[in-house]
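Presented below is the structure to which this report refers.
Chain naming here is simple, since letters A, B, ... match the order of the sequence lines and numbering starts at 1 in each.
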Protein chains: 4
Amino acid sequence: MPKVGMEPIRRRQLIEATIESINEMGFGDTTVKQISARAGVSTGIIHHYFGGKEDLLEATMRKLLTDLREENVNRLSQCTDPKERVEAVIDANFSDRLFDIAPVTAWLAFWAQVPHSKRLRRLQQINKSRLHSSLRHALRQLVSEEDARKIAFGIDSIMDGLWVSCAVNGGTPTPAQSRELTRDYFYTQLDAIKRRKERD
Amino acid sequence: MPKVGMEPIRRRQLIEATIESINEMGFGDTTVKQISARAGVSTGIIHHYFGGKEDLLEATMRKLLTDLREENVNRLSQCTDPKERVEAVIDANFSDRLFDIAPVTAWLAFWAQVPHSKRLRRLQQINKSRLHSSLRHALRQLVSEEDARKIAFGIDSIMDGLWVSCAVNGGTPTPAQSRELTRDYFYTQLDAIKRRKERD
Amino acid sequence: MPKVGMEPIRRRQLIEATIESINEMGFGDTTVKQISARAGVSTGIIHHYFGGKEDLLEATMRKLLTDLREENVNRLSQCTDPKERVEAVIDANFSDRLFDIAPVTAWLAFWAQVPHSKRLRRLQQINKSRLHSSLRHALRQLVSEEDARKIAFGIDSIMDGLWVSCAVNGGTPTPAQSRELTRDYFYTQLDAIKRRKERD
Amino acid sequence: MPKVGMEPIRRRQLIEATIESINEMGFGDTTVKQISARAGVSTGIIHHYFGGKEDLLEATMRKLLTDLREENVNRLSQCTDPKERVEAVIDANFSDRLFDIAPVTAWLAFWAQVPHSKRLRRLQQINKSRLHSSLRHALRQLVSEEDARKIAFGIDSIMDGLWVSCAVNGGTPTPAQSRELTRDYFYTQLDAIKRRKERD
DNA sequence: GATGAATGAGGTTTCATTCAT
DNA sequence: TATGAATGAAACCTCATTCAT
């Protein structure tokens with residue numbers, strides 16, 4: 001039943017179906033048939049709207065990335081205090097919407113493709129550099145450039161590790177636990193630096 | 001030319017070829033043909049020695065796991081001091097041999113399969129619980145049960161995150177940087193706990 | 001914006017686009033999408049005006065045939081002398097308009113389909129019998145029935161061969177060279193028959 | 001049932017099946033399935049032995065070309081007289097084995113692809129230049145360079161035209177009629193040139 | 001023990017055609 | 001009249017697996 005203005009709707013449907021499929025079936029068993037059946041459309045439509053499977057996968061990763069970016073931007077726009085801003089980034093990465101088994105499992109699948117796909121690598125790099133930049137910018141108001149870089153990298157690593165854990169252990173740890181562990185890292189580091197400075 | 005006693009040789013060859021292929025081609029493009037060509041044998045040999053592709057993949061993940069286990073056991077056997085033992089675990093996970101782009105990329109690929117393969121999930125869980133057990137055991141001699149659990153989880157998460165980074169960023173950070181960041185986390189946490197205790 | 005009286009315009013557009021596409025893309029890559037894009041209309045329009053792809057292809061071959069027919073009729077209407085009439089047929093088949101790479105390539109494509117399409121075969125046969133009839137009729141005034149048939153067949157064969165050459169060699173030989181070779185065949189044959197008759 | 005040394009057998013089988021399929025089904029309906037069914041093998045085998053459909057098609061055209069070449073070489077090796085050599089070429093092109101509806105229909109199909117395939121074009125050009133060279137070489141011993149070129153081109157064109165006719169008209173004319181018409185062209189031209197020379 | 005020819009299911013993609021708008 | 005979204009059959013191709021040698 002052909003209609004007009006279906007493009008954005010269909011694209012969203014298909015991307016959602018792709019995330020679901022990667023989560024439930026795995027990246028390797030995510031076929032065009034799987035995706036289209038899940039979206040309730042024919043296989044041909046994927047090529048109509050995306051050109052091919054690879055383009056759909058790229059669009060899917062882009063969607064995950066955009067969601068993450070939005071979550072960060074929204075939360076950052078509501079605070080100016082540096083500590084609050086670092087917390088905002090942490091909260092964004094472990095928001096209930098994003099830190100859910102389906103998107104996180106999809107993330108892990110894409111990470112595993114990154115070493116073998118130029119396009120996915122580019123997306124991943126853009127994401128990484130944005131995240132680091134947000135963190136370093138806020139941290140720079142609290143500590144030295146060098147320390148800011150180190151803490152940003154630490155926060156980032158711990159968050160990546162928790163995402164892996166979420167996917168691999170089927171939803172463990174919870175968003176709250178994850179936020180807590182990361183925040184703890186952040187404040188412990190801050191404290192340690194402060195004390196070190198006092199000693200000098 | 002048929003030979004006797006080829007089994008362990010062939011199995012090792014094929015597992016090595018599988019890791020190479022996953023690293024260079026990606027998990028999805030790692031076919032039986034790829035692997036056998038790389039090992040310089042026919043495709044049929046894989047079924048002869050492993051029963052099928054899935055069994056070879058499982059054996060390959062088991063190999064990665066065994067290597068990691070060996071590295072840990074070797075280093076742990078040389079020290080008794082709790083702090084040294086925690087450092088030993090960290091050093092094992094970032095040893096130059098294991099924290100290399102090829103095995104780490106293969107690891108990431110397996111992680112991405114874990115949610116969809118019972119057999120791989122079992123291996124992963126065994127590995128995780130061993131690692132946690134080693135860390136908690138050592139930490140328990142330094143801090144409370146609760147803190148030990150937290151720090152063990154923190155160290156594990158940060159290590160996972162660094163492995164992801166290594167695979168995704170093509171070898172960044174270096175083993176030394178990774179060890180440093182993890183050790184720093186460990187000692188900062190220890191310090192924070194000590195000071196908290198003093199305050200009480 | 002719907003218009004009235006568009007039928008003949010659209011039909012001509014689509015037929016032209018089909019010839020262009022066959023010439024540039026080949027028969028196999030001449031898809032409904034190709035054709036409609038070239039004509040600047042939607043794909044649906046083809047079924048609206050032609051019923052289907054096959055009907056469009058038949059109409060296209062019919063167009064090529066009609067052009068050839070017109071060229072012949074026009075030139076034949078301007079002469080009554082038998083030799084001139086044979087030359088008129090030759091000139092028609094190698095007129096600059098028809099003996100051009102685009103229509104000739106399309107012709108060759110249709111020839112290749114003729115053995116497998118009843119409808120195209122019918123068109124081809126009509127064309128052939130008209131051509132033979134024109135030639136034999138004129139030749140009959142110059143030579144015996146048997147010789148007329150032979151020369152007509154010879155002229156026809158040589159013309160077909162030159163059309164193949166034009167398509168296959170990308171426009172070689174030129175119309176002038178082709179006319180020359182065919183005329184030469186005609187007059188040489190005529191001469192030979194005359195001398196043979198004189199000898200008897 | 002795997003065997004050794006099957007390659008040449010399978011390749012021949014598949015090429016034969018391709019020619020049959022083009023003849024019976026047409027180029028467009030000659031699918032991998034068609035061909036493999038006709039050869040009594042699975043579809044996969046085509047990719048095993050030829051890499052892909054296109055390579056099989058190229059190999060098929062090459063086969064047609066090789067057969068033609070062989071026929072020419074065999075006949076030419078048995079005569080030295082220039083006239084006999086020209087006749088040998090004509091006889092080769094209209095031998096009962098080659099001037100048969102199946103290979104000729106396949107030839108026509110390939111001709112139609114030549115304008116759109118670099119690889120087929122190359123094969124076609126090699127074939128053409130060999131044929132011309134054979135003819136011109138023999139003719140050069142009978143007439144001037146210029147006349148040799150013209151007659152060679154004429155013989156070639158008339159032969160091409162007769163091949164088209166054979167495919168398009170389902171086997172008409174017969175090999176004998178075709179040889180006769182071409183030989184007649186040859187000797188009539190020779191005669192005409194001789195008389196022209198005498199007149200001067 | 002080892003090979004690689006052979007299979008056939010299943011993957012992605014293309015395409016003529018239909019139809020609501 | 002005209003569009004282009006949507007379908008689904010069928011095309012080419014890949015690949016794990018089997019098995020005669």
Q. Contact class for D/Val32 (heavy atom, under 4.0 Å): base, sugar-phosphate, or nothing?
A. sugar-phosphate
**Q.** A/Arg121 versus A/Gln125, side-chain donor and acceptor atoms under 3.5 Å
**A.** no
For [N], the Watson-Crick or wobble partner whose two distances fall under 3.5 Å:
N      : result
E/dT14 : F/dA9
F/dA2  : E/dT21
E/dG8  : F/dC15

Rounding to a whole Å, what distance do you find between [X]:[atom1] and [N]:[atom2]?
X       : N      : atom1 : atom2 : answer
A/Arg11 : F/dA5  : CZ    : P     : 12 Å
A/His47 : F/dA5  : NE2   : P     : 16 Å
B/Met25 : F/dT14 : CE    : C1'   : 16 Å
C/Ile46 : F/dT1  : CD1   : P     : 17 Å
B/Lys53 : F/dC15 : NZ    : C1'   : 8 Å
B/Leu14 : E/dT3  : CG    : C1'   : 14 Å
A/His48 : E/dC15 : NE2   : P     : 14 Å
D/Ile45 : E/dG4  : CD1   : P     : 14 Å

**Q.** D/Thr43 or C/Gly44, whichever maps to the more 5' nucleotide of DNA chain E
**A.** D/Thr43
Q. Of B/Val41 and D/Ser42, whose nearest nucleotide on DNA chain E comes first from the 5' end?
A. B/Val41
**Q.** Contact under 4.0 Å: D/Tyr49 side-chain N or O vs E/dA6 OP1/OP2
**A.** yes
Q: Between B/Asp29 and C/Gly40, just flag the one whose closest nucleotide in DNA chain F comes earlier from the 5' side.
A: C/Gly40
Q: Hey, which sits more toward the 5' end of DNA chain F by its nearest nucleotide, B/Gly52 or D/Glu54?
A: D/Glu54
Q: Using the salt bridge (charged side-chain N to carboxylate O under 4.0 Å, His left out) rule, pick out the option among C/Arg119, C/Lys63, C/Lys118 that qualifies with C/Glu58.
A: C/Arg119
Q | Minimum-distance nucleotide (side-chain atoms of A/Met6 versus F/dA6, E/dA16, E/dA2) | A | F/dA6
Q) Do the charged groups of C/Glu24 and C/Arg38 touch, with an N to O distance under 4.0 Å? A) yes
Q.
Salt bridge check, D/Arg62 against D/Asp55: does any charged N sit closer than 4.0 Å to a carboxylate O?
A. no
Q | Over 12 foreign heavy atoms within 6.0 Å of NZ, B/Lys53 | A | yes
(Q) What's the gap between F/dT21 and E/dG1 when it is taken at their C1' atoms, as a whole Å value? (A) 13 Å
